[in-house]
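Please read the structure below before turning to the comments.
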Amino acid sequence: MTDPENIVVQLCAQGMQAEAEGRDAQARDLFLQAWEAAEDDYDACIAAHYLARHQPTPQETLRWNQECLTRADKVGDDRVRGFYASLHGNMARAHRDLGRIEQAREHFESAAAHIDDVPAGPHQQWLRYRIAAGLRATAPATQQHEDPVRELLTTLCARTDLEALSLLLPPYMGSLDTPEDEERITTALRMLHAERRLPDEEQAALSQAIKVRSAV
């Protein structure tokens with residue numbers, strides 16, 4: 001558990017408040033002070049995480065994210081176990097910003113492997129969505145194909161069918177390509193299909209989506 005009396009934690013908390021209020025320059029200064037005050041790898045990991053968010057170039061962002069990950073590896077205990085999904089996600093986005101798609105993909109996959117180490121709650125769910133989006137964006141060309149579920153979701157969005165969207169969007173947006181995640185999508189499709197309340201064209205598209213997924 002993070003010690004609220006730790007000066008690094010205090011400075012980072014002040015920096016986060018400055019961020020929230022739009023005082024980015026002051027936030028960066030506070031995070032830099034936290035880095036300079038760090039007395040061990042755990043403190044340095046925390047400070048580097050926030051410093052990475054305030055760098056002028058993608059290269060510097062990547063450098064600080066790598067520093068954060070390296071320090072976490074040096075800590076190597078349960079204090080940082082829940083950090084890795086976020087740390088690898090940050091590394092992935094930094095590599096993607098530099099056009100390094102293969103490296104980005106590797107880190108998104110590592111992030112996905114660590115998602116269950118993040119305590120359940122809104123933060124974990126948001127991380128899952130961001131990692132899933134990264135996996136979709138960096139999928140090899142050989143794995144990219146027409147996605148009938150995405151096409152159906154686009155139609156439902158255009159028609160503002162909130163009930164159907166509330167059923168399909170969470171499992172689709174949060175899928176990390178595991179068999180369990182993919183089954184959640186198929187189950188949601190079948191549940192919606194059983195209601196038979198969509199317009200005929202959408203109902204047919206729903207049937208097709210289930211057929212395609214069942215054939216995989």
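- Crowding of Glu21 atom CD: a count of heavy atoms from other residues, nucleotides or ligands under 6.0 Å exceeding 12.
- Closest approach of Asp41 to Arg71, counting heavy atoms only: OD1-NH1, 2.9 Å.
- Residue Gln124 comes nearest to Pro119 through the heavy atom pair CB-O, 3.3 Å, listed as atom of the first residue, atom of the second, then distance.
- In summary, the side chains of Tyr172 and Asp181 do not present any donor paired with an acceptor at a separation below 3.5 Å, with no hydrogens or angles considered.
- Counting heavy-atom neighbours within 6.0 Å of Glu163 CD, excluding the residue itself, gives a total of 12 or less.
- In terms of heavy-atom proximity, Leu165 sits nearest to Cys157 at CD2-SG, 3.8 Å.
- Grouping the Ile, Leu, Val, Met, Phe, Trp and Tyr side chains by contacts below 4.5 angstrom, directly or via other members, places Ile131 apart from Leu169.
- Defined by atom type and a distance below 3.5 Å, a donor-acceptor pair is missing between the side-chain atoms of Gln10 and Gln14.
- A salt bridge links Arg63 with Glu60: the distance from a Lys NZ or Arg NE/NH1/NH2 to an Asp or Glu carboxylate oxygen falls below 4.0 Å.
- In this structure, Pro199 and Arg159 have side chains that are in contact, with non-hydrogen atoms separated by less than 4.5 Å.
- One finds the CG atom of Leu152 at 9.5 Å from the CD atom of Gln203 (value rounded to the nearest 0.5 Å).
- Heavy atoms only, all atoms of each residue included: Ala209 and Val149 are closest at CB-CG2, 4.2 Å.
- In this structure the side chain of Trp64 reaches within 4.5 angstrom of the side chain of Trp35, judged on heavy atoms.
- Tyr42 has its side chain out of reach of Lys74: every pair of non-hydrogen atoms, C-beta onward, lies at least 4.5 Å apart.
- Counting only heavy atoms from C-beta outward, the side chains of His107 and Leu69 approach each other to under 4.5 Å.
- Panel note: side chain Arg213, backbone Leu189; no donor-acceptor pair is recorded below 3.5 Å.
- A salt bridge links Asp161 with Arg197: at least one charged nitrogen is closer than 4.0 Å to a carboxylate oxygen.
- The OG atom of Ser175 lies 3.5 Å from the CD atom of Glu182; values are rounded to the nearest 0.5 Å.
- Distance check, rounded to the nearest 0.5 Å: CZ of Arg128 to CG of Leu176 gives 4.5 Å.
- Put simply, the side chain of Val212 reaches to within 4.5 Å of the side chain of Gln208, judged on heavy atoms.
- Residues Leu87 and Ile46 share a single hydrophobic cluster, defined by chaining ILVMFWY side chains whose heavy atoms lie under 4.5 Å apart.
- A donor-acceptor pair under 3.5 Å links the side-chain atoms of Gln55 to the main chain of Leu51, judged by distance alone.
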Ring pair (Phe, Tyr, Trp, His ring centres under 6.0 Å) between His54 and Phe31: does it pass, once the steps are laid out?
CA-CA 9 Å; His54 292 271; Phe31 296 141; 5.5 Å; yes
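- The minimum heavy-atom distance linking Ala18 with Leu30 is given by the pair CB-CD1, 4.4 Å.
- Distance alone, capped at 3.5 Å, places no donor-acceptor pair between the Arg130 side chain and the Gly89 backbone.
- Under a hydrophobic-cluster definition in which Ile, Leu, Val, Met, Phe, Trp and Tyr are linked whenever side-chain heavy atoms come within less than 4.5 Å, directly or via other members, Met16 and Leu127 are assigned to different clusters.
- Taking CD1 of Ile115 as the start and CD of Gln125 as the end, the distance is 8.5 Å to the nearest 0.5 Å.
- Note that the CE atom of Met173 and the CG atom of Leu168 stand 12.5 Å from one another [nearest 0.5 Å].
- More than 12 non-hydrogen atoms from other residues, nucleotides or ligands lie less than 6.0 angstrom from CD of Glu36.
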Could you walk me through whether Thr61 and Asn65 pass the side chain to side chain contact (heavy atoms under 4.5 Å, CB included) check?
CA-CA 6 Å; Thr61 299; Asn65 278 319; 3.5 Å; yes
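- In this structure, the side chains of Ser86 and Val118 stay at 4.5 Å or more apart for every pair of heavy atoms.
- Residues Asn90 and His49 have side chains in contact (heavy-atom distance under 4.5 Å, counting atoms from C-beta outward).
- Side chains of Gln66 and Thr70: a donor-acceptor N/O pair is present below 3.5 angstrom, by distance only.
- What you find for Asp97 and Pro58 is that their closest heavy atoms are CB-CB, 4.5 Å.
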Take Arg28 and Tyr50, measure what side chain to side chain contact (heavy atoms under 4.5 Å, CB included) needs, and give me the verdict at the end.
CA-CA 8 Å; Arg28 187 182 187 282; Tyr50 290 107; over 6 Å; no
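- Without hydrogens or angle criteria, Asp78 side chain to Arg81 main chain gives no donor-acceptor distance under 3.5 Å.
- Residues Leu167 and Leu153 share a single hydrophobic cluster, defined by chaining ILVMFWY side chains whose heavy atoms lie under 4.5 Å apart.
- Note on Glu19 versus Arg23: no salt bridge recorded, every NZ/NE/NH1/NH2 to OD/OE distance being 4.0 Å or above.
- With hydrogens and angles ignored, the 3.5 Å screen pairs a side-chain donor or acceptor of Tyr84 with a backbone N or O of Asp73.
- Heavy atoms of other residues, nucleotides or ligands lying less than 6.0 angstrom from CG of Asp77 number more than 12.
- In this structure, the separation between NE2 on His88 and CZ on Phe83 is 13.5 Å, given to the nearest 0.5 Å.
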